[in-house]
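Here the structure is laid out as structure tokens; the discussion comes afterwards.
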Amino acid sequence: MSSAYEELREAAELSAAPRRSPSRPLVRVDLSTSSIAAEADRLWEALEPLAAEHEAELMRVGTLGLSWLEPVVEVERPDLSAAAAGGGAVVYGPVRPEQAAEFLSAALGDNPAEDAAQWLIGARTPTAGVPALADHPFWGPQERRLMRVMGVIDPESIDEAIAEGAYEALDRAVTMDPMAICDLVLAAGVGGRGGGGFPAGQKWKFLLGAPGPTKYLVCNADEGDPGAFVNRVLMESDPHLVIEGMAIAGKATGSDYGFIYIRDEYPLSIARMELALAQARERGVLGENIFGSGFDFDLEITRGAGSYVCGEETGLIASVEGIRGMPKIRPPFPAQKGVFSEPSNVNNTETYANVPLIIQHGDAWYRQFGTESDPGTKMFSISGSLERPGILEVPFGMGMDDLLLGCGGGPPDGHTPKGIQPGGPLGGLLPASDLGLRLERPPFTERGVLLGSGGLILFDERASAVDLTKYFSEFCEDESCGRCTTCHGGSQRLVEVLERIMHGDGREEDLERIGVIDKTLQNANCLHGQFTPYAVRGLVNYFRDELDTHIADKRDPARVAPGLTRYLITDQSDPRLEQAAELCPTSCISRAPLEPGDADESDGDAGEDAAEALGDWQIHAPSCIHCDVCREVAPESIRVEDRFAATLSVI
Amino acid sequence: MERFAGLLQQLPREQGEMLRALHLAQEELGWISRDAIRLIARHLRVSEAQVYGPATFYAEFRHSPPPKTLVTWCSGPSCRVVGGDRVRRIFEAEFGCRLGENTPDDELGLWLGQCNGTCEKAPMVWVNGRVVGPLSMVDTVKLARGLKAGDDPIEWPERPIKIAPATFLEAEATYGSEHGLDGSVEGTG
């Protein structure tokens with residue numbers, strides 16, 4: 001340990017002491033994008049004056065990953081012994097802002113385990129009378145290495161990060177030989193976490209071997225895959241881990257400057273990283289002569305502007321340069337000619353975040369978990385039709401069913417899993433029968449899909465595989481940079497074919513057409529175009545029955561396609577039809593007043609009551625937008641039918 | 001515009017500052033106007049075309065003034081599998097404009113947003129940047145009509161966010177009258 005680091009660590013521990021071993025109750029409020037979406041910011045405002053009354057300290061933290069229970073609050077009670085009920089660090093949620101007073105009195109009272117039972121999730125540290133968080137199905141199988149201090153430390157305080165060991169690995173790395181660092185990272189086997197899986201150590205060696213005094217590092221935090229939010233959580237909850245990883249990579253590759261490219265959809269990540277960078281510079285862990293070693297390194301943030309292809313490394317580099325973020329043909333690879341034509345290295349945020357752990361604990365420790373092809377742990381963000389969506393960190397090689405059905409709890413309300421969408425829009429589709437796949441790259445590649453950057457979406461029988469495929473194809477079309485006709489034209493044709501199928505005009509030769517488009521797209525210049533057909537290939541390979549039903553029978557089993565379904569009123573006597581008509585956005589549910597003569601024809605009694613002199617409720621099909629509002633209001637009396645079914649049961 | 005021109009002067013004159021300059025213009029002016037493009041080009045010493053290129057390439061940059069109330073519709077797959085596309089159709093029908101457009105008076109707009117990973121709120125929209133979700137279709141209609149009627153969009157989501165999808169009647173019982181929205185609809189129980 002260098003004296004400079006020792007000094008820094010001591011000062012940080014002193015400053016962080018009141019929160020690491022508190023003498024009065026500590027209330028940790030998760031303030032991350034997910035929890036703020038659940039109004040954690042309002043909860044914080046409500047708690048502020050109350051905490052002062054209770055003589056408790058309110059503390060901002062990152063996320064524990066329990067997204068479905070946001071806003072999550074953790075209360076640590078040093079005033080109670082851990083043996084007392086609720087005396088340890090106990091996690092509660094969801095705590096609504098309007099419940100702040102009630103919650104705080106209960107959680108800070110004499111018997112929190114009972115009084116605050118309605119919010120109780122589990123105890124993060126051993127607490128009598130409270131089930132341990134480790135026994136929670138979401139938490140138990142996790143191996144939290146990257147997420148070790150997430151949700152525990154204040155992400156906006158460098159002192160707390162340093163007191164927990166941040167920058168210790170950097171202190172060691174600055175005195176190491178660059179090649180030795182590359183070798184160690186290569187031995188640990190950490191692969192590109194954006195989904196490529198290319199060994200980071202190898203990539204670094206390319207840059208180390210590149211000529212020239214100027215070399216750049218780039219951190220890819222342009223996490224564009226919908227449903228993936230691993231990088232966001234990393235930057236929001238433990239920004240210093242990313243900075244430290246990049247600084248070590250700088251030492252290993254002989255680079256003294258880096259760019260962190262963060263997508264604009266993550267304003268909180270940008271703010272927290274900016275703050276962390278400023279603090280790091282102030283403490284001298286970034287800048288000149290870091291820890292007296294003579295190594296200089298600094299970073300800047302580039303804010304993206306909403307472009308998916310900028311996640312491709314050459315597109316990212318173009319975007320950093322301030323031009324249109326269009327991918328280029330490789331070679332030259334970034335290690336030869338990258339940012340501003342200088343040798344560069346691009347890695348994913350999570351890849352960099354793993355590096356300090358490897359330096360700190362060694363490659364053998366790192367390989368304790370994971371598999372031969374993918375050592376270590378991986379953060380996954382799980383969402384879709386799940387009881388417990390959120391973010392967690394598990395060893396590579398775990399079964400996907402254990403993750404999605406075990407931790408995630410499977411689909412809610414008794415729905416059955418239908419398929420999985422791994423790896424973002426370019427990742428493809430898998431049927432539910434593949435839930436048993438191990439979470440590492442090879443089994444996924446064998447099935448013709450990508451594990452990708454850690455987003456997994458489960459969908460149930462209510463979702464249409466054709467509709468999802470159309471969505472992914474639309475996404476790829478929209479985000480195509482437009483440089484090669486194969487990609488932008490190919491994806492346009494793909495969308496057209498799928499759209500036609502969903503409108504009931506599917507033709508038998510469409511399968512062949514999809515095949516031609518697939519083959520053509522494989523010749524696109526960059527991965528965006530090459531991976532675009534993955535989704536439709538998954539549809540053809542694994543959801544063939546559904547596709548055939550669309551094309552041959554003109555039927556959508558999920559009843560999602562507007563062109564293949566229609567809404568019917570099955571029970572005229574339901575009084576809720578009135579509200580349904582009121583709520584219908586296009587006013588397509590109506591009933592016309594009966595002509596005086598009609599009343600006699602339809603029903604003998606109806607004519608006698610003037611108020612009842614209205615005809616049957618009808619849905620005007622051409623203006624119906626299939627929004628399902630009416631069915632939410634009157635589920636028993638409105639039904640979705642196949643438009644082209646052979647036998648229509650009209651009541 | 002003058003304030004923007006002043007702030008622009010503080011940026012280094014390098015092409016690498018392009019995105020920063022464009023973000024600055026959008027923050028200061030609300031959108032990227034032709035005048036802003038001219039100013040940026042002059043400051044960064046590049047042609048106007050070299051500014052216009054990135055300004056139109058990236059989806060975040062707008063080329064018309066933003067509406068007073070902006071509903072950004074999340075197009076992500078997590079929303080999609082639980083009815084996100086229906087949410088879009090409802091807003092389009094209620095606002096009378098297509099996705100990516102403003103109403104003629106620029107009071108309301110419905111724009112495309114990309115998933116930011118708050119997927120546990122699916123299906124959702126952002127109302128002036130604030131997440132509102134998970135939305136039932138009934139919620140969506142009420143939200144759209146409320147915004148049309150001029151409800152304060154910042155104050156709108158004053159209600160418990162559901163953890164599990166609720167039926168209409170449950171939804172009504174939980175926060176029917178607190179909606180402050182379309183009062184014409186009442187649960188029948």
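Looking at A/Ile457, the atoms closer than 4.5 Å to chain B (heavy atoms on both sides) all sit in the side chain, from C-beta outward. Using a 4.5 Å cut-off between heavy atoms, A/Ile301 contacts chain B through its backbone alone, with no side-chain atom that close. Using a 4.5 Å cut-off between heavy atoms, A/Glu300 contacts chain B through its side chain alone, with no backbone atom that close. In this structure, chain B has no heavy atom under 4.5 Å from any part of A/Glu578. At a 4.5 Å heavy-atom cutoff, the contact between A/Asp478 and chain B is made by side-chain atoms alone. For A/Tyr308, no part lies under 4.5 angstrom from a heavy atom of chain B. Proximity to chain B (any heavy atom under 4.5 Å) is restricted, for A/Tyr266, to the side chain, taken from C-beta onward. A/Pro562 touches chain B through its side chain: at least one heavy atom from C-beta onward sits under 4.5 Å away, while N, CA, C and O do not. For a residue to count as touching a neighbouring chain, one of its non-hydrogen atoms must lie under 4.5 Å from one of that chain's; by this rule B/Leu44 does not touch chain A. In this structure, no portion of A/Asn231 lies under 4.5 Å from any heavy atom of chain B. Looking at A/Val629, both its backbone and its side chain come within 4.5 Å of chain B, counting heavy atoms on both sides. The contact between A/Cys310 and chain B is made entirely by side chain atoms (from C-beta outward), counting heavy-atom distances below 4.5 Å. For A/Phe259, no part lies near chain B; criterion is any non-hydrogen pair under 4.5 Å. With a 4.5 angstrom heavy-atom cutoff, B/Thr140 does not touch chain A via any of its atoms. Within the 4.5 angstrom heavy-atom criterion, no atom of A/Lys418 approaches chain B. For A/Ser32, no part sits under 4.5 Å from any heavy atom of chain B, backbone or side chain.
Residues B/Thr118 and A/Ile36 are not in side-chain contact: their nearest non-hydrogen atoms beyond the backbone lie 4.5 Å or more apart. For the pair B/Arg89 and A/His626, the minimum side-chain heavy-atom distance is below 4.5 Å. Residues B/Cys119 and A/Pro389 form no side-chain contact, since every pair of their non-hydrogen atoms from C-beta on lies 4.5 Å or further apart. Between B/Val81 and A/Tyr471 the shortest side-chain heavy-atom distance does not fall below 4.5 Å. By the 4.5 Å heavy-atom criterion applied to side chains, A/Phe459 and B/Arg80 are not counted as neighbours.
Classification of A/Glu39 and B/Lys121 as a salt-bridged pair fails, no side-chain N sitting under 4.0 Å from a carboxylate O. The residues A/Asp41 and B/Arg130 are annotated as salt-bridged, a charged nitrogen and a carboxylate oxygen being separated by less than 4.0 angstrom.
Among the candidates B/Gln15, B/Gln26, B/Glu14, B/Arg20, the residue making the largest number of heavy-atom pairs closer than 4.5 Å to chain A is B/Gln15. Note on A/Thr302, A/Asp467, A/Leu468: by heavy-atom pairs under 4.5 Å with chain B, the leading option is A/Asp467.
Summarising the geometry, atom CD1 belonging to B/Ile90 is positioned 10.0 Å from atom OG1 belonging to A/Thr586; distances are rounded to the nearest 0.5 Å. Between the SG atom in A/Cys627 and the CD atom in B/Glu92 there is a gap of 12.0 Å [rounded to 0.5 Å]. Between the CG atom in A/Leu583 and the CZ atom in B/Arg145 there is a gap of 5.5 Å [rounded to 0.5 Å]. In this structure, CD on A/Glu265 lies 10.0 Å from SG on B/Cys74, to the nearest 0.5 angstrom.
Between the side chain of B/His23 and the main chain of A/Gly304, a donor-acceptor pair closer than 3.5 Å is present. The backbone N or O of B/Gly16 lies less than 3.5 Å from no partner atom in the side chain of A/Glu321, so there is not a single donor-acceptor pair. A donor-acceptor contact shorter than 3.5 Å is absent between the side chain of B/Glu60 and the backbone of A/Gly306. Judged purely by atom type and a 3.5 angstrom limit, B/Tyr58 has no side-chain atom pairing as donor or acceptor with the backbone of A/Arg324. Counting only distance, with no hydrogens or angles, the side chain of A/Arg303 and the backbone of B/Leu19 share no donor-acceptor pair below 3.5 Å.
The two residues B/Pro77 and A/Pro226 come nearest to each other via the heavy atoms CD-CB, 3.0 Å.
Summarising the local packing, CZ of A/Phe340 is surrounded by more than 12 heavy atoms from other residues, nucleotides or ligands at distances under 6.0 Å. Crowding of B/Glu27 atom CD: a count of heavy atoms from other residues, nucleotides or ligands under 6.0 Å exceeding 12.
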